[in-house]
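In what follows, a single structure is set out as structure tokens and then discussed.
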Amino acid sequence: MTGERIVISSGRVVDPASNLDGVMPLYLADGKVLAVGARPEGFESDLEIAVPGEIVCPGFIDLSVRMREPGQEHKATFASETAAAIAAGVTTACCPPDTRPVIDTPAVVNLVQGLAKRTGTIQVLPIGALTRALNGRDLSEMSALKVAGCVAVSNALMPVTNTLVLRRALEYAASYDLLVMIRPEDPWLRDAGCAHEGAVATRLGLPGIPETAETVALAQTLALVEHIGVRTHFGPLSCARAVEMIALARRRGLPVSADVTAHHLHLSEGDVDGFNAYCHVTPPLRAAGDRDALRAGVARGEIVAICSDHQPHEADAKLNAFPLTEPGISSLETLLPLTLRLVDGGILELARALACLTAAPAALLKLETGVLRPGAPADICIFDPDRVWTVNREEWRSRGHNTPFWGQALKGRVTHTLVQGRLVFSLVQAA
Amino acid sequence: MVEPKPIDNLQLDAAGRLRHFLSIEGLDRDLLLRIMDTAESFAAVSEQKVKKVPLLRGKTIVNLFFENSTRTRTTFELAAKRLSADVLNINIAVSATAKGESLLDTVRNLEAMHADMFVVRHEQSGAAHFIARHVAPHVSVINAGDGRHAHPTQAMLDMFTIRRLKGQFDALRVAVVGDILHSRVARSEIRALNALGAAEVRVVAPKTLLPAQVETLGVKVFRNLEEGLRDVDVIIMLRLQKERMSGALLPSEHEYFTCFGLTEQRLALAKADVIVMHPGPVNRNIEIESRVADGPHSVILQQVSHGIAVRMAILSMAMQVGDGRPGRRVNA
């Protein structure tokens, strides 16, 4: 029912992309934003959503969401994770190419798009493989991937160890103006590590991942990017030194950007203590000083985006000795409250926090969404910034129950989500 | 910001008694002393003609070894048998998990056979904690070595050996020499020595064999063996795994012995009554010269025989049969 005419009234509209912040109505029609503030002449609404005290902003654009489909349906599916996404205010999700099969041909792109369409709520943007089967050796057919609908290319969690291949892959992506997304990690330095190489891993005897695993890979790729001039996005970052390196590269005019996960902005190596497998993530949770530097990097705009890096797992994936558990957190549903906690803590301005979830990723991916300007797609998130809720299994929507936040009271809850002018989530109805 | 799950709570019951024995971390000085006191009384049992006490009669102890071990498994088996328990040895390295069974399934299956205690050795850090967190409430878990994390019974038998020979801990300087990075023994020894109030704990190794921020464990770091041994009362040599003797960690056995091997000459730098310990198995003439390993300062074989008494103490205390002293008959 994209033809539905909706007015969202009494809410505080915060749209970082158009510098808008104030209580005003928002008029939607034909799946698009029709007007902000002034009522268009002759507008008759089919539906009024009155949200006094709540915040109305563009729907969130998440740079990394693993739906686990195709290939790992025992972990999660488009149906389960899309439900989690809309409840989290996420209206656009980028899917890394490490599905099974890998997103390295137009056929798999079509398969992913078909699965997304069948679920039919949020916009799913596949990220194509940088190298075929993510093998780090052979370039993927990037032109065909772009034509099929990939918004970027990436080698996901797999390294491209051969620097000549990496150079060629970056050059080739640049030829088609494809954004390259790199997770900086040197596999040799990472070795069999499973936790930040620091005091906690030393005490627990956990094989460590040094911060140099990130900085060496980052330095290497930055040098190639400087030479080639390809738009490159790094993330998620985990350590202070990497933030400095990105900031310096940006000051020097390199076409680079970076993101961080919401959980890396809160958790640190100490949370792994007691062999807490829910805090086994990659890149690892680092020292408290690194976490603070990541926060400062976001506040200064050196890190442009906050993502969930959502990785749902089946229960068994976390039931083992810590090093044998699979890394990753089911993190869609904590994305907003964890981000808002930084606003409450005086670390981020609200507009800056929301920009990290909306305007910034939209700009990176050159999307029309992420803004509430008239004519833009009506992808909208409405949330109550003061609503406190406890993370609990009854209301959890993701099939992945792997979150370290069980039982914690979080502040800020999505009440409505609209995708292309359609109300796809309403907390009242869902409850 | 995640709710902490302290390791210590897992090991003790509400009354502060031992429930599992997973790591030295979280156990206080008093408890460590009590373990040693209890072990003293069991040491006497081992010297009797009839070496058995009926403390754990009717109990089933499963030695669950996911990693090969001869010495540790054998001494645990002897300790359990001298306490009159039934012992089941399961070598998982060639058993169920090799067929794809999960760690938890293996444990649940053995639990279904009404085991009362698991003695676990596993190649991954945290395995014993994981099992302890998931076993039935009546089952105790003893860590017989998990990855690089902890080998607390080895540490206790070494503390027992040190106390027998040196009396007090507070005046002692102890050097732990060798592959600290990969050593669960080192981590547990350092923790125990600090808990017992040793004057100084040193680690001596090349940088490739030291974990990051090792000083946070409460040690003084030495890269030079001669300096590290000066005036120490106790030397604990660590085993260097064969596969680590060449490659990117160390250039060669020869260079390692040249720089970090314990020779008579170097031993002379320590106190005159220094004792030399090694958790075994010893790589002769790589970590330690044979003359030193077999010499008058070496207490390596005493460590082994103390291992039985100390493990008897820990097994009985974790099964909560009184304080584990053989004189007191308590049948749970």
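Lettering of chains follows the sequences in order, A, B, ..., and the numbering in each one begins at 1. Just so you know, these numbers use all the heavy atoms, side chains as well, and skip hydrogens, waters and symmetry mates.
The neighbour count for A:Gln220 CD, taken as heavy atoms of other residues, nucleotides or ligands under 6.0 Å away, is above 12.
A cation-pi arrangement is present between B:Arg311 and B:Phe76 under the rule of less than 6.0 angstrom and at most 45 degrees off the ring axis.
Of the two parts of B:Arg184, neither the backbone nor the side chain holds a non-hydrogen atom closer than 4.5 Å to a non-hydrogen atom of chain A. For A:Pro210, no part lies under 4.5 angstrom from a heavy atom of chain B. Neither the backbone nor the side chain of B:His182 has a heavy atom closer than 4.5 Å to any heavy atom of chain A. Looking at B:Ser125, both its backbone and its side chain come within 4.5 Å of chain A, counting heavy atoms on both sides.
Side-chain polar atoms of B:Ser23 and B:Arg187 form no donor-acceptor pair below 3.5 angstrom. Side chain to side chain, B:Thr72 and B:Arg121 meet the donor-acceptor criterion of an N or O pair below 3.5 Å.
With ring centers used as reference points, B:His149 lies under 6.0 Å from A:Phe275.
The choice from B:Gly147, B:Gly126, B:Ala127 that makes the most heavy-atom pairs within less than 4.5 Å of chain A is B:Gly126. In terms of heavy-atom pairs under 4.5 Å with chain B, the best-connected choice from A:Leu324, A:Leu319, A:Leu206 is A:Leu319.
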